[in-house]
Amino acid sequence: MISLNRSSFLNNPSISGSNIPSSSTQRRPAASLKVVASGSNNRSGDRNGSVLIESKLMESPVVEVEPKCSVGGGVQDVYGEDSATEDQNVTPWSLSVASGYTLLRDPHHNKGLAFNDKERDAHYLRGLLPPVVVSQELQVKKMMHNIRQYQVPLQRYMAMMDLQERNQRLFYKMLIDHVEELLPVVYTPTVGEACQQYGSIFMRPQGLYISLKEKGKILEVLRNWPEKNIQVIVVTDGERILGLGDLGCQGMGIPVGKLSLYTALGGVRPSACLPVTIDVGTNNEELLNDEFYIGLKQKRATGQEYTELIQEFMTAVKRNYGEKILIQFEDFANHNAFDLLARYGTTHLVFNDDIQGTASVVLAGLIAALKSVGGSLSDHTFLFLGAGEAGTGIAELIALEISKKTNASVEETRKKIWLVDSKGLIVNSRKESLQHFKKPWAHEHEPITGLVDAINEIKPTVLIGTSGKGGQFTKEVVESMAAINEQPIILALSNPTSQSECTAEQAYTWSQGRAIFASGSPFGPVEYEGKVFTPGQANNAYIFPGFGLGLIMSGTIRVHDDMLLAASEALAAQVTEENYDKGLIYPPFSNIRKISAHIAANVAAKAYELGLATRLPQPKDLVKHAESCMYSPTYRGYR
Ligand SMILES: NC(=O)C1=CN([C@@H]2O[C@H](COP(=O)(O)OP(=O)(O)OC[C@H]3O[C@@H](n4cnc5c(N)ncnc54)[C@H](OP(=O)(O)O)[C@@H]3O)[C@@H](O)[C@H]2O)C=CC1
Ligand SMILES: CC(=O)C(=O)O
Ligand SMILES: [Mg+2]
């Protein structure tokens, strides 16, 4: 069997065989020449791109190519490179003697040593693998052993990315089976470091890059992606990557990481996920001066140029994938994020993870925390450090929830929520100069600049850090919270770990073990005066995978705030007595698939109730339906 691998045919419009170079005329058995191609030549809708082209070749009994002249040593080679003169371009053929070789290099189908003997015979793998046949479970065990040998987190990240590129099912099986251990590797905090180092660690491109160079051609670019049935896109423009600022094109690590969670945590199949980075330049001088930087070396495009590129992208996405494609905006800077959400919220199925996903996860944690601290949400007073996407997004959802529960207007319920930005407490006297998303939070009060002063004045029961600046919850801050609350709720949401407003140890120690604490990036258990405290992780990763699954499985066409509330309720309901006893306000990630199914079911139920779901009839048991929709990474047997 002869197999020409997929790279061979990229950009080669003549695929019928007449253009295939060879050193000699070749006769082949009609059923044995397999050509695998992808990219712009294949519009068949087949995922691996082979079927259409293969069948075309099958129609032609013989592939005949005349040898031409040879250059560079006179060796006639099957790839045709030597038969071209030096000034002629060559097609990057890759020819191998067994289809099995291609199979082993196809991450979607590769099973490595888990191919059984029958499959090895049927798929021309004999001799390409050592003789042992192992189970997927043993492969997971071995890979976990290997990963644990790396002491440096970035090496673990690279090993996982390498696995994802080699054997997708094994990657997801590992991630699902060892989610608590591997989440910090493929996601925060390590993904932050990976983005910072992306230029140096970059080996193979992941995801789709759409830069200003692609203006006018975005639809074509989308069609270059080998998968056709995309259901969810996570897109960033790299301007606010975690709390690390503008990382430009290197932000690609974020959509890639988020989408691997869509699959592992939410069960959306990997081939339906498309990571996208929009590259409009970067204002990060270090990157602009870095010879290894992979993005456009220019200052960020703004204004009309930026808006037009995004508009073209949004139009192309809907045209290519239809009305029900979910577009998740991720890590845009706030001066674009709110506008994009408002602009496309009525025309597309869009969701901003930083504004909406974070709001939903925090509200869930607060609802759960009420079990320990007592009272209802409306009895509490909230103070935020950071008034951007995450801060105002959370604040708005809390206000909405209280409004729904108390029948008070949102304008009224906002009054117990206070925000501090880099200039101090947001108060009426600053209103004129505030960005639009901060204005609703400008309450009547004297200006206050220091956080401790704000705490002593406002007397919050809940303190939430969304500043993107590490170490802002100082000893004095935590002690002030502990002085006015028996059980202060302290959430340090900023990512990655280096940007966390305080550590778990600091929160527990400085509050003498009384704080209810959770953080955006994970911290290990802390022992304080003989008691072990397990901090929870308040991260939107709890929400977006299940939320997205709920939208997809119900064919929902628009996101509604009530769906965010539904997701919060579902998540809060998953916190058990055992979790509460440990001081947790979130269930452990080890149960995340079950949690995601409940979130998906609640979100879908709300979508049906609001008339926004299009998959009819509504399944009777939405939780079971969600579970049955989930992708399983277990290997499939091959005929
Ligand atoms: N745990 C989770 O699930 C999530 C965590 N995050 C994290 O939250 C952080 C913020 O994200 P996001 O809201 O999108 O970012 P934004 O840039 O939109 O907002 C940051 C806010 O913090 C304020 N700020 C910055 N420095 C200080 C300071 N020293 N004191 C007081 N306020 C300050 C800014 O003030 P000003 O407006 O004056 O500049 C701004 O209001 C990031 O680290 C991100 O990783 C985000 C989403 C989800
Ligand atoms: C978690 C997340 O989305 C962020 O830190 O931006
Ligand atoms: Mg984010």
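When a ligand or atom number is given, it counts from 1 through the structure's own listing order. Below, each value reflects all heavy atoms present in this structure, side chains not excepted, and no hydrogens, waters or symmetry copies. Quick caveat, the model's predicted, so the values are computed rather than measured.
With 3.5 Å as the limit, one finds no donor-acceptor pair spanning the side chains of Lys469 and Gln472. Using a 3.5 Å distance cut-off with no hydrogens or angles, the side chains of Asn579 and Tyr586 do not pair a donor with an acceptor. Side chains of Asn495 and Ser521: a donor-acceptor N/O pair is present below 3.5 angstrom, by distance only. Between the side chains of Ser494 and Glu501, at least one donor N or O sits under 3.5 Å from an acceptor N or O. Side-chain polar atoms of Asn334 and Glu389 form no donor-acceptor pair below 3.5 angstrom. Of the N and O atoms on the side chains of Asp246 and Asn284, not one donor lies less than 3.5 Å from an acceptor on the other residue. A donor atom on one side chain and an acceptor atom on the other are found under 3.5 Å apart for Lys594 and Gln574. At a cut-off of 3.5 Å, with distance as the only test, a side-chain donor of Ser568 or Ser360 sits close to an acceptor on the other residue. Side-chain contact of Tyr262 with Gln328: a donor-acceptor pair under 3.5 Å is present, judged by distance alone.
Salt bridge annotation for Lys258-Asp331: absent, with no cationic side-chain nitrogen under 4.0 angstrom from a carboxylate oxygen. The pair Arg240-Glu330 does not count as a salt bridge, with every side-chain nitrogen at least 4.0 angstrom from each carboxylate oxygen.
Counting heavy atoms under 4.0 Å from ligand 2, residue Asp331 touches it through the side chain alone. The proximity of Gln499 to ligand 1, defined as any non-hydrogen pair under 4.0 Å, does not occur for either the backbone or the side chain. No part of Gln499 comes within 4.0 Å of ligand 2, judged by heavy-atom distances. Of all the heavy atoms of Asn539, the ones lying under 4.0 Å from any atom of ligand 1 are found in both the backbone and the side chain. Using a 4.0 Å cut-off between heavy atoms, Ala538 contacts ligand 1 through its backbone alone, with no side-chain atom that close. Counting heavy atoms under 4.0 Å from ligand 2, residue Asn539 touches it through the side chain alone.
With hydrogens left out, the protein atom closest to atom 19 (O) of ligand 1 is Gly388 CA, 3.3 Å, a heavy atom. For atom 10 (C) of ligand 1, the closest heavy atom belonging to the protein is Thr466 O, 3.4 Å. Of the protein's non-hydrogen atoms, the one nearest atom 30 (N) of ligand 1 is Leu385 CD1, 3.9 Å. Shortest contact from atom 46 (C) of ligand 1 to any protein heavy atom: Arg240 NH2, 3.7 Å. Shortest contact from atom 40 (C) of ligand 1 to any protein heavy atom: Ala387 N, 3.8 Å. Among all non-hydrogen protein atoms, the one lying nearest atom 13 (O) of ligand 1 is Ala390 N, 2.9 Å. Counting protein heavy atoms only, atom 34 (C) of ligand 1 is closest to Ser422 N, 4.3 Å. Here the protein heavy atom with the shortest distance to atom 9 (C) of ligand 1 is Ser494 OG, 3.5 Å.
Checking only distances, Asn334 does come within under 3.5 Å of ligand 1, N or O to N or O. Below 3.5 Å of separation, one finds an N or O of Asn540 facing an N or O of ligand 1.
Take the N/O/S atoms of Asp331: the one nearest the Mg ion (ligand 3) is OD1.
Each of the atoms 3 (O) of ligand 2 lies under 4.0 Å from some heavy atom of Glu330.
At least one heavy atom of Asp354 sits less than 4.0 Å from an atom of ligand 2. Residue contact check for ligand 1: Val361 places no non-hydrogen atom closer than 4.0 Å to it. In this structure, Phe544 has no heavy atom closer than 4.0 Å to ligand 2. Every heavy atom of Gln537 sits 4.0 Å or more from the atoms of ligand 1.
Between the OD1 atom of Asp354 and the OE2 atom of Glu330, the angle taken at the Mg ion (ligand 3) works out to 100° after rounding to 10°.
Classified by interplanar angle (parallel below 30°, tilted 30° to 60°, perpendicular above 60°), the ring pair His443/Trp418 is perpendicular.
Compare Lys438, Glu239, Glu501, Lys469 by their heavy atoms: the one nearest to atom 37 (O) of ligand 1 is in Lys438.
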